[in-house]
Each structure stands twice: as structure tokens, then as C-alpha cells.
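I have placed the structure first, in the form of C-alpha cells, so that the comments after it can refer back to it.
Position 1 is the first residue of the sequence; numbering continues from there.
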Amino acid sequence: MGKARYYVKLDQVPQLNAQEKALLQPVTSRFAFRCSDYYLGLIDWEDAEDPIRRIAIPCEGELGDNGPLDASFEGLYTVAPGLEHKYGDTALLLVNGVCGGYCRFCFRKRLFMRGNDEVTRDISEAVRYIRHHPEISNVLLTGGDPLILSTRKLDEIIGQIRAIGHVRIVRIGTKMPAFNPYRILDDPALPDMVKKYSRPGRKLYFMCHFNHPRELTQPAREALHLLHRAGAVTVNQTPLIRGVNDDPEVLGDLFDELSFCGTPPYYVFQCRPTRGNLAYTVPIEKGYSIFLQAQMGKAGLSKRARFSMSHATGKIRVVGLDDDCVYMRFHRSAVPENTGRFLKLRRNPRAYWLDDYEEAAEIVEPLLEALSLETSA
């Protein structure tokens, strides 16, 4: 649906020459490629370091074998086919195994590999689980990208979740406003569905994924406006990505433009150390410094983002640096009593994840052990 045409082979990308395609073929043999002609049209093909190209086009750096495929141990929290329950009030439902494009830094590259069965087409068991857990007030639909599904199918999924009285918020994680805003602009059924399910006291949220200011084209802005008019709430989250937004001026511009569009920044994530992602990561302490500089001089709505990492043990927010230490706090914890726990760690400029700090083992290992015991109980 929409005006975009999707490519799933580099041979279909006319802007790449034969030498580039041959060089990148081993990458696409390991990690899938997908992109729209709309999004490829945003690339400055004369610039080898173009940030939109970095997001969409594979690079040789993805062939590194560093890191696991599931850096946050999402499998540990799977409670039904396609359903993760990591935090008491929030459930995450993988409803689709395809995106409008495959971000080269994606932390779920495993979902697009042969043999992966984490995504479910039959959500009946997941809905049953949510229904029997009244503590769940938030359900996040993700994948893959839910907006790749037809509106009819999406309506069917949301309708089943909305029928559960204790679920007050349904969130849709999507990069389609960036990858193909015409998916929204050219489907009159979509705003009708939003109006149907985004009601006072029971809102429908779109968790958008704009990574660079140039993705906020006029069609993308119009798509966001259409969602707002239909009653949806939109916010944005992005990882900090080397060569894309790891510049304070670029990241600050993204914060401003998002707030001007009514889609204020929500999270800036430390890029997860998933296999194939090393070429896109920035050390935590450098990333936090970039984040702070990007927020300087901004108005309140442009400063709403939190710099965090989605670690296996919880969502950990980086809150400060001094000459000797970096300070973090458990914003959410999979072990509830650790929510709010403050961490003081000796600085390590080469740390890309919590586990890279010397003191981390005494924090992480007991939490993972407790979680393993809960899971096996």
C-alpha cells in the first residue's frame, strides 16, 4: 500500500554500482536487506558517508561476530508465542516479522533470519495471558513493524486488546512515517481506525523512529499531522548511531524538529551490542556527552528524551558523569525492587554496555540469577 516500491535485493538498487553490490553481498547473505524507493530517494548518493545511506544500505562492518543476536535476552521474558512480559504493567507483542526497511543497526536482526519463530500470527494465547494479568495496563505492538500489516488486520489485533478492560494504553512501534509516510497518507481506513480506538482515557500511541532530521520530510510531517488529527499521540525514540546522529548539532536539530511536529523526543537509546552492530555503536560516555550537548539551549519539549540502555536486567538511564565515575539509575527493572537503584561506576571510555564496567558483574549476575529462578519456577 502507498506509493513506495520495496526492494529486497541490492541488485534492485540502481544507485549502487556492480562493485559495491558484490562487496556487500556477503552482508546481505547474513542479514536481510529491505528498503523503499521513497527512502532511497532521501540519500545523497554522491556522499559515501550520507547518514540516510548509513541507516538503509549495508556496510562491511556488519560482518563482525561481536555480540549475541539477542543482546537484551528478550527470550528470557517470553511468556506466550510472540509475547514478552518484562515489566509488570507492560507487555510487548511481536505481531509482524517485516519492516518497511531494515535498519542496519537493528537490535532484532534475528527476527529477519531464516528459522526464527519469535513472531506470531495467532495472538490468541497472548491475548489470553494479558486478560489474566490485570497488572498489565500497557501493550506495545512491535515486531517488525505493525504498520506493514493491513489496517484490517491491525484493527483486528487492537480490537482484541482493547476489549480487555485493564489495558489503558496501546502503543504501536513504527518507523513507517520515516520509511514510507504514504502508508499513512494514502489509507483513509487508518485514521478511521485510530479514531475508533484512541478515546479519552484509553489512548493509542505511535512510538515513531526518526533517527535523523532529514527523515522529517514534508510527507512525513503530514503523516504525523494526520495521526494527530485522528486522536493519536506520537512520540519518538532513536538509538544514538555512529555516522547518523552522533553529532550534537544533528541530534539537537532532530530534537527541535520533532517537537515542532508534535512528536517530542522520548528516548535516545544506547545502541545495543547485537551481532553486526559494532560499526554503528558509540561508547556510552561519549554518547551521553553528545546527548547533553544536543539538549543545551533547547526548549522543554525538545529536552524530554532520556538517554538509556535496554539491558537484560532493565531499562537503565545514564544520569551523570564526573572525572572519575559515570552515574546510572534503573529507570525500570525486571526485578521490581531494583527500580530506582542508583549505580556509581568507575569510568571506562571503551564501555559500550553496562557489562563493560568492572563493577557490573556484582550488579548484573544476581539480577539475572533472580530472573532465571523466577522464570523456572
Does atom [atom1] of [X] have more than 12 heavy-atom neighbours from other groups under 6.0 Å away?
{"X": "Arg341", "atom1": "CZ", "value": "yes"}
{"X": "Tyr129", "atom1": "OH", "value": "yes"}
{"X": "Arg329", "atom1": "CZ", "value": "yes"}
{"X": "His225", "atom1": "NE2", "value": "no"}
{"X": "Arg202", "atom1": "CZ", "value": "yes"}
{"X": "Tyr205", "atom1": "OH", "value": "no"}
{"X": "Glu249", "atom1": "CD", "value": "no"}
{"X": "Lys203", "atom1": "NZ", "value": "yes"}

Are the aromatic rings of Phe31 and Tyr102 close, with centres under 6.0 Å apart? no
May I have all residue pairs that pass side-chain hydrogen bond (donor to acceptor under 3.5 Å, both in side chains) and include part of residues 258-269, sequence neighbours excluded? Thr234-Thr263, Ser259-Ser302, Tyr267-His331
Matching residue for Arg183 among Asp145, Thr151, Thr174 - test: side chain to side chain donor-acceptor pair (under 3.5 Å): Thr151
Can you tell me if Gln270 and Tyr352 form a side-chain donor-acceptor pair at under 3.5 Å? no
Please answer whether the main-chain N or O of [Y] pairs with a side-chain N or O of [X] as donor and acceptor at a distance below 3.5 Å.
{"X": "His166", "Y": "His133", "result": "yes"}
{"X": "Gln15", "Y": "Trp45", "result": "no"}
{"X": "Arg346", "Y": "Tyr357", "result": "no"}
{"X": "Asn211", "Y": "Thr238", "result": "no"}

Evaluate the ring planes of Tyr327 and Phe342, with Trp represented by its six-membered ring, and classify them as parallel (under 30°), tilted (30 to 60°) or perpendicular (over 60°). parallel
Taking the six-membered ring for Trp, are Tyr38 and Tyr182 parallel (under 30°), tilted (30 to 60°) or perpendicular (over 60°)? perpendicular
In this structure, CD of Glu84 is separated from CG of Leu92 (nearest 0.5 Å) by 5.0 Å
Straight-line distance of Ser289 OG to Ile284 CD1, nearest 0.5 Å: 12.0 Å
State which residues pass side-chain contact (heavy atoms from CB on, under 4.5 Å) with Asp89; sequence neighbours excluded, sorted by chain then number. Tyr87, Ser137, Arg332
Can we say [X] and [Y] salt-bridge, meaning some charged N sits less than 4.0 Å from an Asp/Glu carboxylate O?
{"X": "Glu359", "Y": "Lys344", "result": "no"}
{"X": "Lys298", "Y": "Asp256", "result": "yes"}
{"X": "Arg214", "Y": "Asp50", "result": "yes"}
{"X": "Asp356", "Y": "Arg350", "result": "no"}

Is the shortest side-chain heavy-atom distance between Asn138 and Arg168 below 4.5 Å? no
Transitive ILVMFWY cluster of Leu23, excluding itself - 4.5 Å side-chain cut-off: none
Which side-chain N or O atoms in residues 54-63 pair as donor and acceptor under 3.5 Å with protein atoms at least two apart or in another chain?
residue	atom	partner	partner atom	Å
Arg54	NE	Arg242	O	3.3
Arg54	NH2	Arg242	O	2.8
Arg54	NH2	Ala279	O	2.8
Glu62	OE1	Arg104	NE	3.3
Glu62	OE1	Arg104	NH2	2.9
Glu62	OE1	Lys109	NZ	3.0
Glu62	OE2	Cys59	N	3.0
Glu62	OE2	Arg104	NE	3.0
Glu62	OE2	Tyr280	OH	3.3

With sequence neighbours left out, write down each residue that passes side chain to side chain donor-acceptor pair (under 3.5 Å) with Glu74, or none if nothing qualifies. Arg108, Arg110
Between Lys153 and Asn96, is a side-chain hydrogen bond (donor to acceptor under 3.5 Å, both in side chains) present by the stated rule, with each step listed? CA-CA 11 Å; Lys153 180 62 177 175; Asn96 187 26; over 6 Å; no
Test of understanding: with salt bridge (Lys or Arg N to Asp or Glu O under 4.0 Å), list the residues that count as partners of Glu20, not counting sequence neighbours. Arg53
